Amino acid sequence: MDKKIFDQYKKMMRFVATMLIVALTTTIFIYFWKDNYNAGIVLPFHYKGYWLVGAFYIFFFVLFIYIYGGMGYGYLKSTNIVFSQVLSLLCANVLIYLETVLLSAKFVDILPMIGMTVIQVVIITVYSFCMDMLFKKLFPPHKITVLYQEYDPSDMLRKVKTRRDRYRIKDVVSVDREWSELVNIIDNSQAIMIYDVHSELRNKIVKYCYEKDVRLYITPKISDVLIRSSENIHLFDTPLLLLRNNGLRFEDRLLKRLLDIIVSLAVIVVTSPIMLIIAFAIKAYDSGPVFFKQKRCTLDGKVFEIHKFRSMIVDAEKEGISVPASEKDPRITPVGNIIRATRLDELPQIFDILSGNMSLVGPRPERIEHVEKYTKDIPEFAYRLKVKGGLTGYAQIFGKYNTTAYDKLKLDLMYIQNYSILLDLKLILMTVKIIFMKESTEGFDEKQIVEIQSREK
């Protein structure tokens with residue numbers, strides 16, 4: 001069968017594959033729940049009652065699979081899918097256990113639930129790797145031709161090559177040539193990737209690819225991100241797009257602040273013992289200060305002092321020059337390696353959130369000198385200051401520690417322009433997954449550090 005025909009049904013196949021694993025894990029759950037918990041609830045269920053409990057279980061499992069991206073067969077790496085589905089399973093099992101406790105009006109034996117979870121995890125792991133192999137066979141990597149103009153595409157090519165399961169770079173071509181040559185290149189390509197081509201020519205390529213049914217990938221410009229979030233206006237027979245461009249609405253800011261207060265108080269109560277242990281470990285290692293404080297910029301350029309657990313040696317930047325952390329940075333202490341890898345060094349910022357200096361979700365607050373420098377190089381960087389800085393956010397979840405300022409800006413604008421309280425809740429839950437993903441904490445390589453230091457001087 002033609003690959004294009006398969007592509008048309010790819011989303012449907014992802015959905016069917018996900019529903020099969022949901023059905024399988026739910027069947028295992030009902031079997032265990034009926035044998036180990038049903039008799040102990042206040043009003044035991046019979047027949048149709050099992051379907052009701054199963055429906056609750058399906059709701060919880062599917063909800064978290066959606067949040068954590070567990071439906072990404074043929075899109076995400078197999079390990080990512082397994083991790084997403086196992087995390088979703090754990091969340092669903094915890095919630096259904098708590099529901100069982102409520103139905104039983106007492107705490108019930110957790111061992112059957114643990115045994116059930118182990119069996120489900122094994123099945124999910126095997127199933128996900130089998131589905132990954134099937135999708136790779138049905139949907140082999142796209143052979144793409146990268147089109148670029150004046151900007152060096154090397155960094156983008158490096159990123160594309162990390163996903164050889166999805167893409168194969170057939171050719172890298174400059175668009176500074178005759179249109180007839182470009183047409184010939186496009187016609188002989190399975191897919192096209194446009195990397196930072198000027199708007200006039202880019203629009204021409206987009207229209208041609210659309211006309212010829214050629215798969216097209218585009219790295220968006222700032223204006224693209226803003227326009228994507230616009231509202232359709234139909235007042236007359238010419239369509240209009242409305243961009244309000246005024247940050248968050250009053251009701252959004254109010255709900256966001258309430259969420260910040262409630263969640264930060266809960267996190268402080270739950271993590272207090274962990275924070276005390278970390279503080280003791282840092283102090284015991286070198287007797288230096290427990291906290292690292294630094295001035296950062298937030299909403300409308302306001303400056304505040306951010307707090308983190310110190311993860312580096314004392315006076316790591318004593319020369320006054322910002323030096324980003326690299327892989328295996330000798331300045332990071334043994335305690336620092338652990339708390340940075342698990343993101344526990346960020347915990348004290350919960351107090352910054354409670355005080356109102358930060359929000360749970362938002363663009364990462366940058367150092368004053370970085371804001372000044374980035375804004376000079378990229379004037380649009382100031383757009384991030386339309387909302388309060390956050391502990392987590394789009395750039396923190398979908399980017400990496402070493403993601404460029406320009407790419408972070410685009411990710412942050414995607415958040416600002418598409419804000420909703422539900423998006424905040426989703427990003428908070430997704431942060432749990434990101435904490436355990438090593439690539440999200442990837443440090444700068446030597447080339448990036450040299451470039452940053454040269455800008456600082």
Side-chain angles (χ1 to χ4, degrees), residues 222 245-248 253 256-257 260 264 288-326 329 331-332 336 339-340 343 345-397 399-416 441 443-444 448-457:
I222 298 297
N245 303 327
N246 53 5
L248 306 187
R253 293 197 302 270
K256 191 173 178 64
R257 181 60 185 145
D260 286 344
S264 59
V290 170
F291 298 107
F292 169 75
K293 296 182 287 186
Q294 194 175 69
K295 294 188 182 299
R296 300 285 183 97
C297 289
T298 185
L299 177 65
D300 296 329
K302 176 187 173 184
V303 177
F304 75 102
E305 203 167 54
I306 199 172
H307 297 79
K308 300 172 69 173
F309 282 124
R310 182 173 59 85
S311 60
M312 289 188 172
I313 59 174
V314 179
D315 295 329
E317 295 180 356
K318 60 184 178 181
E319 296 180 4
I321 298 175
S322 171
V323 184
S326 62
D329 196 313
R331 297 173 301 159
I332 301 175
I339 62 176
R340 286 171 74 95
R343 303 289 182 89
D345 61 323
E346 310 279 357
L347 273 178
Q349 290 167 55
I350 295 297
F351 295 98
D352 295 323
I353 293 168
L354 186 60
S355 67
N357 286 328
M358 286 177 62
S359 181
L360 281 165
V361 184
R364 189 68 181 147
E366 291 283 355
R367 294 173 60 155
I368 301 172
E369 57 268 31
H370 287 175
V371 172
E372 291 173 349
K373 176 58 184 174
Y374 292 149
T375 304
K376 182 179 178 181
D377 295 339
I378 313 168
E380 299 91 344
F381 196 78
Y383 297 173
R384 300 169 74 256
L385 303 179
K386 282 182 175 286
V387 298
K388 196 178 292 185
L391 176 61
T392 187
Y394 242 58
Q396 294 93 300
I397 290 172
K400 299 179 182 179
Y401 179 70
N402 60 358
T403 299
T404 64
Y406 187 60
D407 284 335
K408 283 182 180 179
L409 169 60
K410 288 188 281 189
L411 288 168
D412 286 328
L413 285 176
M414 287 178 180
Y415 167 74
I416 295 170
T441 59
F444 290 90
Q448 289 172 308
I449 291 175
V450 170
E451 289 175 353
I452 292 172
Q453 286 180 308
S454 67
R455 291 198 298 261
E456 291 290 328
K457 293 178 180 179

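Keep in mind the model is a prediction, meaning the values are calculated, not measured. Just so you know, these numbers use all the heavy atoms, side chains as well, and skip hydrogens, waters and symmetry mates.
The line from CG of Leu411 to OG1 of Thr403 is 7.0 Å long, rounded to the nearest 0.5 Å. Arg340 CZ to Ser311 OG: the interatomic distance, rounded to the nearest 0.5 Å, is 4.0 Å. For the atom pair Leu391 CG and Ile350 CD1, the distance stands at 5.5 Å (nearest 0.5 Å). Taking CD1 of Ile306 as the reference point, atom CZ of Phe292 lies at 9.0 Å (rounded to 0.5 Å). Separating the CG atom in Leu299 from the CG atom in Asn357 is a distance of 11.0 Å, to the nearest 0.5 Å. Here the CD1 atom belonging to Ile222 is positioned 6.5 Å from the NZ atom belonging to Lys410, to the nearest 0.5 angstrom.
Evaluation of the ring-ring contact (aromatic ring centres under 6.0 Å, His included) rule for Tyr415 yields Tyr419 as partners, not counting sequence neighbours. When the side-chain contact (heavy atoms from CB on, under 4.5 Å) test is applied to Ser359, the partners found at least two apart in sequence or on another chain are Lys256, Asp260, Lys388. With sequence neighbours left out, the side-chain hydrogen bond (donor to acceptor under 3.5 Å, both in side chains) criterion links Arg364 to Glu346, Gln349. For Asp345, there are no side-chain hydrogen bond (donor to acceptor under 3.5 Å, both in side chains) partners two or more places apart in sequence or in a different chain. Scanning for ring-ring contact (aromatic ring centres under 6.0 Å, His included) contacts around Phe304 gives an empty result, with sequence neighbours left out. Scored by the side-chain contact (heavy atoms from CB on, under 4.5 Å) test, Lys386 finds no partners at all (sequence neighbours excluded).
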Report task. Go through the steps to decide whether Leu385 and Asp300 satisfy the test side chain to side chain contact (heavy atoms under 4.5 Å, CB included), and finish with yes or no. Result -> CA-CA 5 Å; Leu385 303 179; Asp300 296 329; 5.8 Å; no

Report task. Show the numbers, then the answer: is there a side chain to side chain contact (heavy atoms under 4.5 Å, CB included) between Thr392 and Ile397? Result -> CA-CA 7 Å; Thr392 187; Ile397 290 172; 3.8 Å; yes

Query raised in the report: Is there a side chain to side chain contact (heavy atoms under 4.5 Å, CB included) between Lys373 and Asp377 once you walk through the steps?
Result: CA-CA 6 Å; Lys373 176 58 184 174; Asp377 295 339; 3.1 Å; yes

Query raised in the report: Hey, mind stepping through Leu413 and Arg384 against side chain to side chain contact (heavy atoms under 4.5 Å, CB included) and telling me if it holds?
Result: CA-CA 7 Å; Leu413 285 176; Arg384 300 169 74 256; 5.7 Å; no

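At distances below 3.5 Å, at least one donor-acceptor pair connects side-chain atoms of Thr298 with backbone N or O atoms of Gly389. Side-chain N or O atoms of Arg310 include one that pairs as donor or acceptor with a backbone N or O of Pro289 at under 3.5 Å. Between the side chain of Ser355 and the backbone N or O of Asp352 there is at least one donor-acceptor pair closer than 3.5 Å.
The nearest pair of heavy atoms linking Ser264 to Ile353 is CB-CG2, 4.1 Å. Summarising the geometry of Pro363 relative to Val387, their closest heavy-atom pair is CD-CG2, 3.3 Å, with the distance given to 0.1 Å. Nearest heavy-atom pair across Pro365 and Met358 is CG-CE, 4.2 Å. Closest heavy-atom contact between Gly393 and Val361: CA-CG1, 4.0 Å.
Side-chain atoms of Glu366 and Tyr374, non-hydrogen and from C-beta on, do get closer than 4.5 Å to each other. Here the side chains of Lys295 and Arg367 are not in contact, with every heavy-atom distance at 4.5 Å or above.
For Phe309 and Phe291, the ring centers sit closer than 6.0 Å to each other.
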